[in-house]
Every structure is written in C-alpha cells, then in structure tokens.
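Okay, so here's the structure we're looking at.
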2 protein chains.
Amino acid sequence: MLSADPDPIVLPEEPAQARRFGKTRDAQSHALLEDYAELIADLLATGGEARPTDIARRLGVSHATAIKAIARLKREGLATARPYRGVFLTEAGETLAARVRARHRVVVDLLRAVGVPAEAAEQDAEGMEHHVSDATLAAFSRFLAGR
Amino acid sequence: MLSADPDPIVLPEEPAQARRFGKTRDAQSHALLEDYAELIADLLATGGEARPTDIARRLGVSHATAIKAIARLKREGLATARPYRGVFLTEAGETLAARVRARHRVVVDLLRAVGVPAEAAEQDAEGMEHHVSDATLAAFSRFLAGR
DNA sequence: CATGAAGTGTAGCCACGGCTACATTTTCAT
DNA sequence: ATGAAAATGTAGCCGTGGCTACACTTCATG
Ligand SMILES: [Mn+2]
Ligand SMILES: [Mn+2]
Ligand SMILES: [Mn+2]
Ligand SMILES: [Mn+2]
C-alpha cells in the first residue's frame, strides 16, 4: 500500500528566505499608517471631520497614542492637522487611503468567496491586507471576477 | 441606464471596529515568535541544530537581534538554550512550530489555488499567515479539499 | 597544540507604538 | 457669560525589535 510521507521539510534558499522576511517587516512597518489613513478618510467621508478622540475610540487605543500616530502621519506627508482643529489628509494621504480601502474590500470579498464566515473575514482581513502585494491583489480580483 | 453607485462607505459599529483592531494588534504581537519557532524547528529537523547565526542569516537580521528574540522565546517557555550550545524548542515550542508550519502551508496553497503566482504566494504568506484565524484556516482547508 | 576565524554574548543606542497623568483649550449648557 | 465637561495636547514611562561596537568563547586548521 502507498503511504504518503508526511511533510518533507525543505528549507528555502537562505537569501530568498531572508529577502522574504525582510519584505514582510517592511510591509508591517506601514500597516499602522495604512489603517489610520483608511480610517481618517472614512471619517471625513461620512462625518466631514476626523477628530483624534474618534480615531482613538475606533482603533481601541488611548487618545495620546492616536495623537502620536497622527504626528507620524504628518511627518510622512500623509496628513495635516492644526491644534484642536481635526485631521485632514494630503493628496498623498488620500491616494493611500483610496488604495488601502479598495484592497481591504477585495481581501474581504476573497475570503468570503472561499468560504470564510463573515465576521472572521472582517477580522482577519484587517491584518492580512497589509501583506497583500499587487500581484496577489490582481489574482484576487481575477478570481472574484471569474466565478 | 443603470449606473452602479461606487463605494458606499459604511463605517462598522465603533465597538466592533475597536475589537477588530485590537485583535489584529494581538495577532501581530505573536508573529515574530511564530516565525522564530517555525524556523528553529525547520533547522533542527533538517540539520540537527539551530544556531543563532544561522537563524539570524535566514531572517535577515543581525545576530544580536536574533539572540534577543531567542531570549524572549526562552522567557515565554518556547525554547531552551545554553550559552554557545544552540537553541532547542520546548514541548510548547514544538507544538507551536507544528501548528505554524501547517498553517503556513495551507495559506500558500490557498493563494496558489486562487491564482497567485508562486513567489508572490510565498512572499505574502509570510506576513498574512499570522492573521489567519482557526475559522479562516478551516475554510481554506475545505476550499482546498473540495476543488 | 597554538592561533586566528567564526560564532556567541553583552552593552547601549534608536524608533515605534502602547500606556497614564496632567495641563490646556474648546465647546456646551445653564 | 461663565463654569463644567469634553477634547486635545504634552511629558514621561515601558516593551519590542532593529542596529553597531566590542568582548569573549569555541572551533578548525596548519
Ligand atoms: Mn488593517
Ligand atoms: Mn483596513
Ligand atoms: Mn511569517
Ligand atoms: Mn511562516
């Protein structure tokens, strides 16, 4: 009888593996900014304003944490904010937010399409999205289009 | 004629959204340990030993960085290591590594199955895997089984 | 079996992203 | 108009995960 030998462990080539881990760290380093940009855009679109306290509440962090992240957004040229006057996105910030929002939706849709329950899809997409490359996003879109 | 109104932005309920972001942060906080555990297990399985320098080279970080992460693995009861003698996994570490390796494989397979090119699948899986919940993993397995 | 190379460990630096505590400003109701 | 509540900002703490520089072991090779 045939028995499938289970899990033949094959290590990737060292440089390839190092490159992958490095790119993963790189992607992760942008994750927070992406989520802030997406959320700020959503708040501006639905309520006309994005206030630090609202941002903080929706992210589940203290307002002090949110304000420091907003400072980083400003430093990176993604947002503008004057004291006590709310947060706005620059052109670059808007562009990023639009891209991030579109990707977020595709990831959720893909998960749903392969049978992931709704809440799990929403939950897991929030973390997975930041590691979805353009190539993968394109494949997701093709898959969703051709069902 | 019918024109699809594009992107009606609907914000999630505030508590739900905060819960999701919180869980995402939680998942992220385990990502590094998972990758170390998986890699150490692979090195032990293929070469019989897992030395800090090899681990560092494969992760693309300095050996000092690897050694500090190994210290954290020890602190969390996942690994053991005596000075100059290499790294080993505890029972808990082995268990984690096995789970992580299995999940990694399923994620890559799922990506391939929906049309993601090989290298993009390998690359993106490295980051996405840490945000794949049990429910999503089960859905992935079902999808792969029933093609 | 000595010695130099490789590996390992330690110290100290930095940025990020959490937090609490407190100060200040704005907003809102009376 | 004013005083309290809410929002905002600032300061300072911590753990993580990067790094370089330097010290110390171990190991391999001549
Ligand atoms: Mn996200
Ligand atoms: Mn998102
Ligand atoms: Mn990984
Ligand atoms: Mn992995």
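Between the C1' atom of C:dG7 and the OH atom of B:Tyr84 lies a distance of 8 Å, rounded to the nearest Å. Across the protein-nucleic acid pair, A:Ile70 atom CD1 and C:dC16 atom P stand 16 Å apart, rounded to whole Å. Distance A:Ile67 CD1 to D:dA7 P: 12 Å, rounded to the nearest Å. In this structure, CG of A:Leu59 is placed 12 Å from P of C:dG17, rounded to the nearest angstrom. Protein atom NZ of B:Lys68 is 18 Å distant from nucleotide atom P of C:dT8, rounded to whole Å. In this entry the distance linking CZ of A:Arg82 with P of C:dT25 reads 16 Å, nearest Å. In this structure, B:Arg85 atom CZ and D:dT25 atom C1' are separated by 9 Å, rounded to whole Å.
Counting only distance, with no hydrogens or angles, the side chain of B:Lys23 and the backbone of A:Gln123 share no donor-acceptor pair below 3.5 Å. Although no hydrogens or angles enter the test, the distance criterion places a donor-acceptor pair under 3.5 Å between the side chain of B:Thr95 and the main chain of B:Glu91.
Near DNA chain C, meaning a heavy atom under 4.0 Å from it, residues 24-56 of chain B has B:Arg25, B:Arg51, B:Pro52, B:Thr53 in order of number.
Considering only side-chain N and O atoms, B:Ser62 lies under 4.0 angstrom from the phosphate OP1 or OP2 of D:dC19. Contact annotation: B:Arg75 side-chain N/O to D:dT16 OP1/OP2 distance is under 4.0 Å.
Atom CG of A:Asp26 is surrounded by more than 12 heavy atoms from other residues, nucleotides or ligands within 6.0 Å.
Inspection of the A:Arg58 and B:Gln17 side chains reveals an N or O donor paired with an N or O acceptor under 3.5 Å. B:His131 and B:Gln28 share a side-chain donor-acceptor pair at under 3.5 Å.
The side chain of A:Arg72 sits closest to C:dC16 out of C:dC19, D:dC24, C:dC16.
Listed by chain and number, the residues in a side chain to side chain contact (heavy atoms under 4.5 Å, CB included) with A:Ala92 are A:Leu78, A:Thr90 (sequence neighbours excluded). With sequence neighbours left out, the side chain to side chain contact (heavy atoms under 4.5 Å, CB included) criterion links B:Ser141 to B:Val106.
Side-chain atoms of B:His63 stay outside donor-acceptor range of the base of C:dG7, with no qualifying N/O pair under 3.5 Å.
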